[in-house]
Amino acid sequence: MIEVLFFARIREQIGTGSLQVAWDDSVDSVERLILSLVAREGALWADALQADNVVVAVNQQVCDKHKHIVSGDEVAFFPPVTGG
Amino acid sequence: MMTLSNTVRVQSDDFDVGEELAQLRGHNAAIGAIASFIGVARNTNDGDAVATLELEHYPGMTEKSIEAIVGEAQARWQLLGATVIHRVGQLLPGDQIVLVAVSSMHRGEAFQACEFIMDYLKTRAPFWKKELTPEGERWVDARSSDQGSADRW
């Protein structure tokens, strides 16, 4: 199982804040997770998750899309941060 | 042996700056300087009136990333303590958003560490602002000047 989280503009674009994805051995990187979500959910998700400025975090650490994932990981997608 | 007293909080409630600074100071007679920064919600942004500000965050990662930033500041400067409080939820113009306060033996370290923590928080801690303007709601875009400020360090 992979816990997937979405924040801010991305959460609003796709209309969901979190979902659980059943573990699949062939979906073993963030990049592949994005492709499988887009294949399943369609164009709206492609726009949200494949935008240039999307930030990815695995287990609450920012990383790039090539990051390897394993079952039990928490993967988050969000726009550039604007706190402070 | 120096004892570091760090406070990191993410909360919807307001905070009392005087109380937080007194807490940071405690009874530590080694402290010679305390520098603080308070971020406040403005009533305008990009030329438009802002009625309310909504702050979203990533619970868990937010606290972790602020603690990592404070840790990095402590690796760069000799600090005696640090306090970072960031609010989330709905805020109005004039409301306090964030407090960064740092204590050290001398002012140079306190000033620099305070600015460093704030610059890093702006570009690394997972918070997002949404503002309500006369034209409706809009997400605030990240500014390249903020990235530039963080890159200086």
Side-chain angles (χ1 to χ4, degrees), chain A residues 1-21 29-31 33-34 37 41 43-84, chain B residues 10 37-42 45-46 53-69 84-89 91 96-100 114-131 136-147 149-150:
Chain A
M1 190 83 82
I2 296 287
E3 179 85 24
V4 191
L5 305 173
F6 308 96
F7 292 97
R9 184 183 277 146
I10 294 178
R11 174 178 54 74
E12 286 189 348
Q13 266 177 297
I14 63 174
T16 184
S18 69
L19 59 91
Q20 293 188 325
V21 177
S29 71
V30 173
E31 208 162 30
L33 176 65
I34 293 172
L37 288 172
E41 306 288 343
L44 208 61
W45 287 54
D47 290 345
L49 301 182
Q50 292 174 325
D52 287 341
N53 65 353
V54 173
V55 182
V56 179
V58 172
N59 299 328
Q60 306 189 353
Q61 290 268 9
V62 171
C63 58
D64 67 41
K65 291 178 182 171
H66 305 297
K67 172 83 177 171
H68 187 75
I69 56 174
V70 296
S71 187
D73 279 351
E74 178 178 295
V75 181
F77 297 94
F78 47 84
V81 303
T82 55
Chain B
V10 177
F37 171 85
I38 300 150
V40 179
R42 268 196 318 275
N45 193 26
D46 288 333
L53 201 58
E54 184 83 28
L55 268 141
E56 180 172 335
H57 76 126
Y58 180 172
M61 183 176 169
T62 316
E63 292 83 351
K64 261 192 224 171
S65 58
I66 296 172
E67 276 156 19
I69 293 165
V84 180
I85 302 171
H86 202 300
R87 293 179 68 192
V88 291
L91 300 177
Q96 305 184 118
I97 303 176
V98 59
L99 170 69
V100 174
C114 186
E115 194 169 16
F116 168 87
I117 291 171
M118 197 55 216
D119 285 346
Y120 265 45
L121 187 151
K122 279 248 170 208
T123 52
R124 295 188 177 194
F127 292 99
W128 302 274
K129 286 194 189 106
K130 184 196 233 181
E131 49 195 24
E137 286 184 345
R138 68 181 185 199
W139 288 99
V140 174
D141 285 323
R143 291 175 200 271
S144 57
S145 60
D146 285 334
Q147 189 57 52
S149 295

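Letters A, B, ... are given to chains in the order of the sequence lines, protein chains preceding strands, and every chain is numbered from 1.
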Quiz item: A:N59 versus chain B, heavy atoms under 4.5 Å apart: side chain, backbone, both or neither?
Solution: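 Backbone only.
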Practice problem: Give a yes or no on this: more than 12 heavy atoms of other residues, nucleotides or ligands lie within 6.0 Å of atom CD of A:E3. | Solution: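 More than 12 within 6.0 Å, yes.
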Quiz item: Hey, does A:E74 have a side-chain heavy atom less than 4.5 Å from the side chain of B:M61?
Solution: no
Which atoms of [X] are under 4.5 Å from chain A, going by heavy atoms: the side chain, the backbone, both sets, or neither?
| X | result |
| --- | --- |
| B:K129 | both |
| B:K122 | both |
| B:R124 | backbone |
| B:D141 | both |

Quiz item: Between atom OG1 of A:T82 and atom NZ of B:K130, what is the distance when rounded to the nearest 0.5 Å?
Solution: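 Going from OG1 on A:T82 over to NZ on B:K130, the span is 11.5 Å.
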Quiz item: How are the rings of B:W128 and A:F7 set relative to one another: parallel (under 30°), tilted (30 to 60°) or perpendicular (over 60°)?
Solution: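 B:W128 and A:F7: parallel rings.
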Practice problem: Over all heavy atoms of both residues, which pair between A:A76 and B:Y58 is shortest? Give the atoms and the distance, please. | Solution: CB-CE1, 3.4 Å
Quiz prompt | Least distance between heavy atoms, A:V81 atom then B:P126 atom | solution = CG1-CA, 3.6 Å
Exercise. Using a cut-off of under 4.5 Å on heavy-atom pairs, state which of B:V98, B:V88, B:V100, B:V140 scores highest against chain A.
Key: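 Among the listed options, the one with the most contacts to chain A is B:V140.
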